Amino acid sequence: MDDDNYLETFQEILRNVFFDERITIGRETTAVDVDGWDSLSHVRVLLELEKSFKTELRDAEAACAQNVGELIEIIKARRGE
Amino acid sequence: MPGAERHTILNTIESVSQSHSGTFLRILNGSQTENYSYADVLSQAQSIAQTYRQKGIGHEDRIFIVASTSLDTVAAFIGAWLVGAVPSYLAPLTGKQSPDIYWRTLGEILATHKHGLLVVDAKMQAEIAGNQTLGLEPSRVLGLPINDQERPSFSPIDLPSHESSFIQFSSGTTGLRKGVLIRDDMTIAHLAAFQQTFTYEKSDCVVSWLPLYHDMGLVACLLMPLLTGTPIVLIDPIDWTLRPELLFSAIATYAGTRIFLPNFAFSHLTNCIDPDANFNLSSVKSIVNCSEPCRASSVDRFLERFGPCGIDPSSIHTSYAMAEAVFAVTYSSLDKKLKRKTFSEFGSSSLATGEERFLFSHDESILSCGTVMPGTKVMISDGVGAPQDDGVLGEVCLHGPSLFEAYETKDGKTPPPCFGPYFRTGDIGAVLDGELYVLGRSKEIIIVNGKNYFCTDLEAVTNEVEGIKPGRVVALSVMNEQTGTEECLMLVEKTGQRDDSALKRDIRKKLSDSIGLACRVEIIPPGLLVKTSSGKVSRSENLKQYLKR
């Protein structure tokens with residue numbers, strides 16, 4: 001899976017979690033770029049990412065990722081890519 | 001432990017310790033569980049108390065504890081009482097908040113309480129060591145755990161007279177951060193009322209993920225169990241946030257009976273636990289919804305999902321609580337079904353400001369907060385302090401033996417707003433058929449995930465962002481049905497040609513760094529914000545206008 005696929009899936013997840021079809025993201029996107037992205041909604045984002053990418057993400061490393069790109073790198077590493 | 005003669009926290013603990021056997025405190029730490037007896041906890045508290053004494057900490061000195069959940073964190077609080085000091089848990093630095101602002105706030109609290117000690121865990125200690133701005137003398141910091149070489153040998157401590165019990169801090173940025181000083185007699189009065197209503201027994205087991213710096217975590221899930229000998233299982237709040245199922249695993253493993261949850265937690269559990277996961281939750285006697293407006297929709301979704309796991313609908317209860325009253329003000333009886341009303345069943349209010357904001361829509365079921373705790377009196381007041389009739393909305397005012405007298409601030413003791421002996425809560429509600437319903441508030445607070453934020457703080461911070469028309473900002477509370485909690489919505493008017501999305505990002509970042517709150521931001525056309533006749537931005541009117549759009 002290439003980076004564009006990751007970003008596309010990630011963006012779809014954010015749109016669903018935050019009920020906002022206008023959300024557009026890039027690797028540099030952080031929580032403050034999205035209305036209402038707090039620590040609890042972050043857990044819902046991680047849960048959806050876990051389901052989509054079939055990997056465990058609810059831990060300190062993933063919780064502390066600074067932006068979308070960092071989180072994608074964590075997912076890729078855990079999937080052995 | 002030598003005990004004082006009058007009925008105090010310390011002689012209550014001494015009395016419980018004489019008959020307590022078995023495990024009292026369980027701490028879930030990753031995949032491991034630490035088990036401690038009541039005697040283990042007291043022994044550790046005595047050991048830490050000796051260290052306090054060596055540092056010269058004594059009568060009425062303040063001890064601020066910033067540490068993740070552990071035996072030492074609990075023992076550090078009890079140990080403070082053993083030297084006559086006044087403990088307080090403070091929130092740790094989170095990943096969201098700006099470290100500079102966090103340390104500045106902490107520094108100001110320590111500066112306000114000059115004769116104090118900061119007790120921290122290893123993680124915090126490392127952060128303090130790398131922080132030059134705090135300027136703390138090493139003698140004013142105690143790191144946990146105390147290693148065996150530093151641990152003094154135990155010697156009996158003569159109990160000092162002890163009037164102050166602990167301090168709970170309100171939310172808010174530096175300028176408005178207020179300490180609620182709880183006296184020993186207030187705690188004992190609260191204990192007596194709590195035991196007539198919530199009735200903890202030694203055969204119970206309280207399971208909690210709540211932070212100890214929150215009144216519900218501290219009082220309902222640590223102090224009341226400590227003073228009644230009720231076993232507790234504590235889960236780290238961050239672990240629970242990431243894995244909410246830990247609460248149910250702990251209930252199933254340790255036959256948990258008593259649970260306290262803010263409303264958002266009902267939704268977080270429902271939203272985040274695997275729909276196929278199953279737990280045996282049949283041991284639960286009560287789950288008390290507290291610290292946020294209790295919403296029927298959150299409770300109903302929770303019961304639909306977890307009823308099949310053994311949660312009986314009759315086990316769901318509510319309570320209206322606040323740090324200013326130690327904790328609980330009302331309770332819904334454990335043997336009665338929760339009452340529900342709708343807006344139309346209440347008479348309209350006649351409050352002075354007209355700035356009250358309601359937290360429920362007109363067709364929404366409103367859960368009763370139950371009956372007032374024994375010894376506490378509630379008065380529903382109009383705008384000038386006159387009592388309202390049954391069923392008529394007004395400001396909830398309280399009087400009783402657990403109510404505090406003053407806030408502690410950097411400017412000294414500040415009396416709370418009162419009508420005669422009654423403390424004005426700033427909440428809007430009514431008493432109907434002997435039960436309290438809280439429907440809104442006139443005070444300038446937004447409660448998000450059980451935590452209070454002052455609207456004026458949020459607006460002041462937002463006003464610092466470049467591109468905002470000065471003073472043309474309002475912080476509003478909007479209910480989010482999905483998360484079961486309020487959301488902060490900032491409506492702002494801009495000046496100049498800044499790009500809207502960049503401006504919104506800057507505002508969200510500023511609020512996150514300064515206050516640790518994730519907000520929604522909307523830029524609205526100039527001149528759209530409505531002001532009151534006195535020239536202040538009207539929260540109630542702007543909320544109405546926003547909801548109409």
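Quick caveat: nothing in here was measured; it's all calculated off a predicted structure. Naming: A, B, ... by sequence-line order, numbering from 1 per chain.
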Between [X] and [Y], what is the shortest heavy-atom contact and its length?
X: A:Gly36; Y: B:Ala518; result: C-CB, 4.2 Å
X: B:Arg508; Y: A:Asp35; result: NH1-OD1, 2.8 Å
X: A:Val43; Y: B:Cys272; result: CG1-SG, 4.3 Å
X: B:Leu242; Y: A:Ala60; result: CD1-N, 4.3 Å

Working to the nearest 0.5 angstrom, can you tell me the gap between [X] [atom1] and [Y] [atom2]?
X: A:Phe18; Y: B:Gln482; atom1: CZ; atom2: CD; result: 11.0 Å
X: B:Thr485; Y: A:Leu40; atom1: OG1; atom2: CG; result: 8.5 Å
X: B:Thr241; Y: A:Arg58; atom1: OG1; atom2: CZ; result: 11.5 Å

**Item:** Sidechain-backbone polar pair: B:Asn271 side chain, A:Arg44 backbone, donor-acceptor under 3.5 Å
**Value:**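 No, because the side chain of B:Asn271 does not come within donor-acceptor range (under 3.5 Å) of the backbone of A:Arg44.
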Check the surroundings of atom [atom1] in [X]: do more than 12 heavy atoms from other residues, nucleotides or ligands lie under 6.0 Å from it?
X: A:Glu8; atom1: CD; result: no
X: B:Glu481; atom1: CD; result: yes
X: A:Glu21; atom1: CD; result: yes
X: B:Ile238; atom1: CD1; result: no
X: A:Lys76; atom1: NZ; result: yes

**Prompt:** Can B:Arg505 and A:Glu28 be counted as an ion pair, charged N to O under 4.0 angstrom?
**Reply:**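 Salt bridge between B:Arg505 and A:Glu28, a charged N being under 4.0 Å from a carboxylate O: no.
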**Message:** Need one label for A:Leu46: side chain, backbone, both or neither, based on atoms under 4.5 Å from any heavy atom in chain B.
**Reply:**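 Looking at A:Leu46, just its side chain touches chain B.
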**Message:** Counting only non-hydrogen atoms closer than 4.5 Å, does A:Ser41 touch chain B with its backbone (N, CA, C, O), its side chain (CB onward), both, or neither?
**Reply:**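 No part of A:Ser41 comes within 4.5 Å of chain B.
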**Prompt:** So which part of B:Asn449 gets closer than 4.5 Å to some heavy atom of chain A, the side chain, the backbone, both or neither?
**Reply:**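 Looking at B:Asn449, just its side chain touches chain A.
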**Message:** Only pairs of heavy atoms separated by less than 4.5 Å count here; which of B:Glu245, B:Glu522, B:Lys504 has the most with chain A?
**Reply:**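 Looking at each of B:Glu245, B:Glu522, B:Lys504 in turn, B:Glu245 comes out on top.
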**Most chain B-contacting option - heavy-atom pairs closer than 4.5 Å, from A:Leu47, A:Leu57, A:Asp33** =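 With the most close heavy-atom pairs to chain B, the winner is A:Asp33.
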